[in-house]
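Notes follow once the structure below has been shown.
Chain letters run A, B, ... following the sequence lines, proteins first, then strands; residues in each count from 1. Quick caveat, the model's predicted, so the values are computed rather than measured. Just the heavy atoms: all of them, side chains too, but no hydrogens, waters or symmetry mates, feed the values below.
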Amino acid sequence: MLDVLQGFVHELRGAGLPVSMTENLDAMRAVEHVDLADRDVFKAALGATLVKHHRHWRAFETVFDVYFSLHSPGVDADDPNAEEWAELAGQTSEAAGAGGGGEVTREELAEMLLNALMTMDRDELRRLAAAAVGAFAGMEPGRPVGGTYYLYRTLRQLDLDDLAARLIGRAQEEGDVPADALAARLQGEEYGGRLKVLRELIEAEIRRRLVADRGVEAMARTLRKPLPEDVDFMHASREEMLALQRAIYPLTRALAARLAQRRRRRHRGHLDFRRTVRASLSYGGVPAEPKFRHPHPSRPEIMVVADISGSVASFARFTLQFVYAMASQFSKVRSWVFIDGIDEVTRFFTESDDVTEAVHRVNTEADVVWVDGHSDYGHAFEVFENRHHLEVTNKTSLIFLGDARNNYHASQAWTLRALGERARHLYWLNPEPRGYWDTGDSIMAEYAPYCDGVYECRNLRQLERFVTTVAEG
Amino acid sequence: MATRFESVDEVIARLRDVDYLADATIGGVVYLADRLEKPVLVEGPAGVGKTELAKALSRATDARLIRLQCYEGLDEAKALYEWNYKKQLLRIQADREHETSWSDVEADIFAEPFLLTRPLLEAIRADDPVVLLIDEVDRVEIETEALLLEVLSDFQVSIPELGTIVGKQRPLVVLTSNNTRELSEALKRRCLYLHVDYPDLEREKDIVRVRVPEIDDELAGQVARVVRSIRDLELKKAPSISETIDWARTLLYLGTSEISPEVIGETLHVLLKYQSDIAKARKELVPASDAT
């Protein structure tokens, strides 16, 4: 048990979770007190002692599932041999046989699944999920393909959409006929939820078999994913992107709270001579208690100019959302987007309350193509400088977002110099790794001298750090 | 050391007796907190019953609830202890006629009778069973957090003039946080971590039934399903459990027996508190019926 736990903690650290020595010891003390057979409680015990941040919970769950997927914790999974595999396969066909008798066909299995889904019998579902994986995934020991491949094969054979339709049909037969569209919607969601459970069970089953085949450590490594704050914007999957978006709002709130606090405490304003002298009278003329003026609250204006061409689109999208989530912090936020033409998009954000919708409108309605729709930083900046240079004042912070890949157009770097002279700050956020800058058609070095700072901004952590620096300055 | 609970199931059952429905995770963590004698840090969205958990625990264990509400600017004098300055002054004044030495006075005025206990010290010195709730701990500055560390890890307070006061017993300690800022590693390390999220359909239905006993099974189920559907929308602020309960009560007062789109349209403001959220939910759930 001790070894398994140590391996588990080691893997958590490998996945990037900060697990301290104390927490490690706590976990060991904790498992002494719980019933190891009760998986939920065991998991809660490890989670409560080892994971101290909700953002890390998913990573914890994945590792947990891998390490403790076999029937009892502590099973030595280092020697997955052919016999064991055969045994497993045998078990599943038995399990399937228990319901249908002998070899099950696709149709029979679907029927049994339907029954189980109607009653939501979890044990039965788990057995059937195992049977389905056994029958359809075609898993072979030692074959170097990922779990998603097997998942796809199983799900294609099961045809979940068809199952969903039949489920609802079945429910209606049994008298649960939705009276109106609302009820129908609720019903759809209800059964959609049940199918999701089935899907998760199938995934777990596949993972269990892969672990049996490859061993715990190898499996944990293949499943290792970056923590949400380390996910690269440019390569985020759809799911990761959604997770990031959900993380934005709490993050901005947290940032706002921290910044407001710091601002309040740091600035004390200048010495107020008159009030200090007045106060000194009560100490017999000794200025024992210096008085200060109230500080002028600074009202920074932020202008964001973002490249939304294909190469950096997901980054820009995310950053725009972030900037607008921060709008409560700053009195004035304006934004522009460009490809080779440039267009102000502030109106989309002020008109709609919903950030996602606003970003969608930016992407569809903004007029950003001038000639051919390939990024032309030079032209876009020139137009921007022309139209708006008078609006840039010494209160303005200008933030440029882009990879500076200019398709070999003229850089027009003088525009940045001109803007930089007027603005209070000029920052550049580049979503590419630093090593890629100035390779190919990237001309970061030509713009960089006129910026107060050029930051690599590839993940939430870096973005957060940047915002803190800016808001403090 | 007497433990309060024998098993996880007992935790859940006893919490249920006081109308708090805990799932296996909540039960498991509370049980561990009792066994390992560690505080529990509860995080999660607003209105999922974080504070309620502490209150329920105090009811379930027949313990007095001592609550420290955190806010920005909270300091030692408000959280731990304070010397009763006025009383000390009186003491010195009263002493003026007698010729007492300085050290006698000093020893006298920095003694127990002049100590004003604040929640943390009170919890430590309590003889009867207590549950200590440190609410919204994320509101205090990161420096102030350090105040809590000694209490949380060793359950003692050091007062320079009196020495270290060690707790007579280990109460259950619950800290809640709305996650508006990252708590320090030092604090987290000393606690068990519990993340409470919106409950799943079945649990929410049960909660509604327990908290609104007059409601019938059918309606409770519908309430839970509609609320889940609304939570799936992308909203500024998803409905919390307390709002679900409010909504169920509203429906009951209105004498609704079945939820129709019209009813939702009329009572949506109970669940959602932002105009844009209400508009969105209405668009999603209500006009769908106009078409049919």
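- Counting heavy atoms from C-beta on, the side chains of B:Val8 and A:Asp35 never come closer than 4.5 Å.
- Residues B:Val29 and A:Ala44 share a closest heavy-atom pair of CG2-O, 4.2 Å.
- The OG1 atom of A:Thr22 sits 10.5 Å away from the CD atom of B:Glu185 when rounded to the nearest 0.5 Å.
- Looking at B:Asp197, the atoms closer than 4.5 Å to chain A (heavy atoms on both sides) all sit in the side chain, from C-beta outward.
- Note on B:Arg189, B:Arg228, B:Gln222: by heavy-atom pairs under 4.5 Å with chain A, the leading option is B:Arg189.
- Only the side chain of B:Ile264 comes within less than 4.5 Å of a heavy atom of chain A; its backbone N, CA, C and O stay farther away.
- Both the backbone and the side chain of B:Val226 come within less than 4.5 Å of a heavy atom of chain A.
- Heavy-atom minimum distance, A:Asp26 versus B:Leu36: O-CD1, 4.1 Å.
- Note: B:Arg35 CZ to A:Arg29 CZ = 12.0 Å, rounded to the nearest 0.5 Å.
- Separation of atoms CD (A:Glu32) and CG (B:Leu32) is listed at 11.0 Å; rounding is to 0.5 Å.
- Closest non-hydrogen pair, A:Lys52 versus B:Cys191, comes out as NZ-O, 2.7 Å.
- Using a 4.5 Å cut-off between heavy atoms, B:Leu201 contacts chain A through its side chain alone, with no backbone atom that close.
- Of the atoms belonging to A:Asp38, not a single heavy atom falls under 4.5 Å from chain B.
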Original post:
How far apart are the C-alpha atoms of A:His53 and B:His195, what are their side-chain angles, what is the distance that settles it, and do they pass the side chain to side chain contact (heavy atoms under 4.5 Å, CB included) test?
Top reply: CA-CA 8 Å; A:His53 200 298; B:His195 186 272; over 6 Å; no
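- The backbone N or O of A:His54 lies less than 3.5 Å from a partner atom in the side chain of B:Tyr193, making a donor-acceptor pair.
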